Enquirer: 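Below is the structure I would like to discuss, written out as structure tokens.
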Amino acid sequence: MSDAPANTLYPLPEDWPSTEAEATAVQNELRGQVVLDEPGPPPGAPLVVAGVDVAYDDERDLVAAAAVLLDARTLQVLEEATAVGRVSFPYVPGLLAFREVPTVLEALGRLTAEPDLVVCDGYGIAHPRRFGLASHLGVLTGLPTIGVAKNPFVFRHEPPGPRRGDAAPLLDGMDEVGRALRTQAGVKPVFVSVGHRVTLDRACEHTLLLAPRYRLPETTRAADGLCRAALRRAAG
DNA sequence: GCGACAG
DNA sequence: ATCTTGTCGC
């Protein structure tokens, strides 16, 4: 019972860093592996989309991750997986991946099917070194990924229009690295960016299709509920 | 030096 | 992220 199934599908790199200096060096090294010239899975197609999220109990040094598979067309949950581990990295803005990725990879590896797209909490290339959580998870798994964040990070933006689907660019100089996207009329936008192997246009289309009723994508909502439950179960 | 800062 | 009750509204 104490032996978890080996994660041969999405192994954690052996040179996983433990200091901030090592972590930023890893980001600068891996950022070149992000693929930005693939369109990614077509929005509206009968895809299997994964949502991943993590919950923490710093007091007990516990972290719980969840990976959930949804039918992109019906938004019904197809499969759920969780993993519990120790908090291995402090929260440092810009280094979130080193806190979340190890346990997320474990949860993803426990799924019996591979998703066509992974939706992450946080940013992809809209990041100080263009290598946020979603891009990191994409490069390590090879899967198409996008980031849907709840709050602004390093890039400012104009307020998007009031209607569902309205968006405003997150600009890094001349580059549009993400979008503030209104998923519900009159509700605070979410912040979408490309992770790996998906265009920004499609990332936003997927986000809208996954959020027909609430501000956040159903993938994120499902994963959030599951990792919180897993954490409570692990903590007591 | 000071503030800002995904989860 | 997390600490946290009730309350307004569909």
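Protein chains get the first letters and strands the later ones, always in sequence-line order, with residue 1 at the start of each. What you are looking at is a predicted structure, and each value in this text was computed from that prediction instead of being measured.
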Enquirer: Calculate the interatomic distance between A/Arg156 atom CZ and B/dC5 atom C1'; express it in whole Å.
Expert: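 Interatomic distance, CZ of A/Arg156 to C1' of B/dC5: 11 Å.
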Enquirer: Quick one: label A/Gly94 by what it contacts on the DNA or RNA (base, sugar-phosphate, nothing), any heavy atom closer than 4.0 Å.
Expert: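 The answer is base, as A/Gly94 lies within the cut-off (heavy atoms under 4.0 Å) of a base atom.
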Enquirer: Whole angstroms only, please: what is the NE2-C1' distance between A/His127 and B/dG7?
Expert: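 Distance, rounded to whole Å: 12 Å.
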Enquirer: Taking OP1 and OP2 of B/dA6, is either one under 4.0 Å from a side-chain nitrogen or oxygen of A/Lys150?
Expert: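 Answer is no, no contact under 4.0 Å.
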Enquirer: What integer distance in Å separates A/Arg99:CZ from C/dT2:C1'?
Expert: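 Atom CZ in A/Arg99 sits about 10 Å away from atom C1' in C/dT2.
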Enquirer: Apply side chain to side chain donor-acceptor pair (under 3.5 Å) to residues A/Tyr91 and A/Glu100 and explain how you reach the verdict.
Expert: CA-CA 10 Å; A/Tyr91 171 66; A/Glu100 306 214 332; over 6 Å; no
Enquirer: Across the strands shown, which category fits A/Ala126 at heavy-atom distances under 4.0 angstrom: base, sugar-phosphate, nothing?
Expert: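 Answer is nothing: A/Ala126 stays at 4.0 Å or more from every strand.
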Enquirer: Under 3.5 Å, is there a donor on one side chain and an acceptor on the other for A/Arg215 and A/Gln184?
Expert: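 Their side chains do not contain a donor-acceptor pair, so the 3.5 Å distance test is not met.
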Enquirer: Calculate the interatomic distance between A/Arg213 atom CZ and C/dG9 atom P; express it in whole Å.
Expert: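 After rounding, the reported distance stands at 16 Å.
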Enquirer: How many whole angstroms separate atom OH of A/Tyr123 from atom C1' of B/dA6?
Expert: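 Those two atoms, OH and C1', are 6 Å apart.
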Enquirer: Are any of the side-chain nitrogens in A/Asp172 or A/Arg130 under 4.0 Å away from the carboxylate oxygens of its partner?
Expert: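 Judged by the 4.0 Å cut-off on N to carboxylate O distance, A/Asp172 and A/Arg130 do form a salt bridge.
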Enquirer: Let me know the distance between CG of A/Asp121 and P of C/dT2, rounded to the nearest Å.
Expert: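 Taking CG of A/Asp121 and P of C/dT2, I get 11 Å after rounding.
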Enquirer: To the nearest Å, how far apart are A/Asp58 CG and B/dG7 C1'?
Expert: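 Nearest whole value for this atom pair: 11 Å.
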Enquirer: What's the closest nucleotide to the side chain of A/Asn151 if the choices are B/dG7, B/dA6, C/dT2?
Expert: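 In terms of side-chain proximity for A/Asn151, the closest of B/dG7, B/dA6, C/dT2 is B/dG7.
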Enquirer: Is the distance from OP1 or OP2 of C/dA1 to the nearest side-chain N or O of A/Arg228 less than 4.0 Å?
Expert: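 So the side-chain polar atoms of A/Arg228 do come within 4.0 Å of the phosphate oxygens OP1 or OP2 of C/dA1, strictly under.
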Enquirer: Does a side-chain N-to-carboxylate-O contact under 4.0 Å join A/Arg221 and A/Glu218?
Expert: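 A salt bridge is present here (some side-chain N lies under 4.0 Å from a carboxylate O).
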Enquirer: In plain terms, say whether A/Arg179 and A/Asp201 are close enough for a salt bridge, that is, a side-chain N and a carboxylate O under 4.0 Å apart.
Expert: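 The answer is yes: the pair qualifies as a salt bridge.
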Enquirer: Give the rounded distance in Å between these two atoms: CG of A/Asp224 and P of B/dG7.
Expert: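 A/Asp224 atom CG is separated from B/dG7 atom P by 11 Å.
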Enquirer: Does the side-chain ring of A/Tyr91 sit on the six-membered ring of the B/dG7 base, less than 5.5 Å centre to centre and under 30° in tilt?
Expert: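 Taking the rule of under 5.5 Å and under 30°, the ring of A/Tyr91 does stack on B/dG7.
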Enquirer: Under 4.0 Å, heavy atoms only, any strand: does A/Tyr56 hit a base, just the sugar-phosphate, or nothing?
Expert: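 Sugar-phosphate only.
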